[in-house]
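Each remark here refers to the structure printed beneath this line.
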2 protein chains.
Amino acid sequence: MIETTELLKEYQLKATPQRIKIVSMVDEHGHISIEDLYKEMLQEFPSVSLATIYKNINQMIESGLIQEVKIPKTKSVFELIKEPHLHMVCDKCGKIEDISVGTDKVIEEAQRLSGYKIKESFITLRGTCPDCA
Amino acid sequence: MIETTELLKEYQLKATPQRIKIVSMVDEHGHISIEDLYKEMLQEFPSVSLATIYKNINQMIESGLIQEVKIPKTKSVFELIKEPHLHMVCDKCGKIEDISVGTDKVIEEAQRLSGYKIKESFITLRGTCPDCA
DNA sequence: TCTCAAAGGAAAATTATTTTCCAATAAAGG
DNA sequence: CCTTTATTGGAAAATAATTTTCCTTTGAGA
């Protein structure tokens, strides 16, 4: 609780109960959609508006606290910004998980071949997870 | 022209003038948004409907002829499905280009660490292109 | 050609997201 | 603690994005 409050303040966002809840949910779930955020939020704040979710998510993105993860054929989800990592999506159950894999060599080679000065990378892999195999 | 027609037939899609135009535009541009597709289409087919664009794009995705490229903070674009490649996005001018970089090692390691049987990969890198540097 | 399943277009319907406006409130200062 | 004030939350409307419906037209095989 206190940690979430502190986190919001670090990012210059007033720590309102709704925001604290949003950040906690993103943190707990790892990845969560607007729709799920809203459904879960309603249990604790029965009068919360979808506009509140959208406004806050957008502010948190602008502040650099969270980011949107866009995956082909699925709804976007949001996650806290953390160490670079990649996303594994299961084509059977839809589960999304993070894994840490060294991508330095790929990025370095891409930079060399393209001449771009690379600042961010978004990597998603889709396949079947061990549970669904 | 004839090539596009053939391509559509290969994918079991009736080769209508509108579809031929859509595929040609996707091919010429490399990456193109719904909005740009519509604007350009209007010049040749003044009465085309956005619904036609959407319906066709969705059918082409289902058929495996094209795919959506989703990039954080930008509109989706569509491209013909071809050899695996990654996308470079310029954070200044917004240009998107393909490059071929070996990603086998990353995918192999991800597969080993996660236990997933990986089937597809989506890799986007953002940075500044040589022209904007 | 003829036939007909499939496609295109107009408009409505749905879904997603943003904006407006005003009452409520977190947080800083006394 | 108790004000003060800029910011936020919520309701509703507005806007944007996408899909569906329904009916007319048409590509492609017989």
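Residue numbers begin at 1 in each chain, while the letters A, B, ... track the order of the sequences.
What you find for B:G115 and A:P130 is that their closest heavy atoms are O-CG, 3.4 Å.
Considering only side-chain atoms of A:K14, the nucleotide from D:dG10, C:dA11, D:dT7 that sits closest is D:dT7. Closest to the A:R19 side chain, of the nucleotides C:dG9, D:dT19, D:dT8, is D:dT8. Listed nucleotides: C:dT17, D:dA11, D:dG9. Nearest to the side chain of A:T52: D:dG9. When the nucleotides D:dG27, D:dT19, C:dA26 are ranked by their closest atom to the side chain of A:T16, C:dA26 comes out on top. Closest to the side chain of B:Q18, out of D:dA6, C:dT19, C:dG8, is C:dG8. With distances taken from any side-chain atom of A:A51 to the nucleotides D:dT8, C:dG8, C:dT18, the minimum falls on C:dT18. Each of C:dA27, C:dG8, D:dA11 was ranked by its minimum atom distance to the side chain of B:K55; first place goes to C:dG8. Across C:dG8, D:dG27, C:dA10, the shortest atom-to-atom separation from the side chain of B:P17 is found for D:dG27.
Within the 4.0 angstrom heavy-atom criterion, only backbone atoms of the sugar-phosphate kind lie near A:Q59; the bases stay farther away. Nucleic acid contact for B:S47: sugar-phosphate only, since backbone atoms but no base atoms lie under 4.0 Å from a heavy atom of the residue.
Checked for salt-bridge contact, B:E35 and B:K39 meet the test: a charged N lies under 4.0 Å from a carboxylate O.
For D:dT18, the OP1/OP2 oxygens have a side-chain nitrogen or oxygen of B:Y54 closer than 4.0 Å.
By the 4.5 Å heavy-atom criterion applied to side chains, A:R126 and A:I71 are counted as neighbours.
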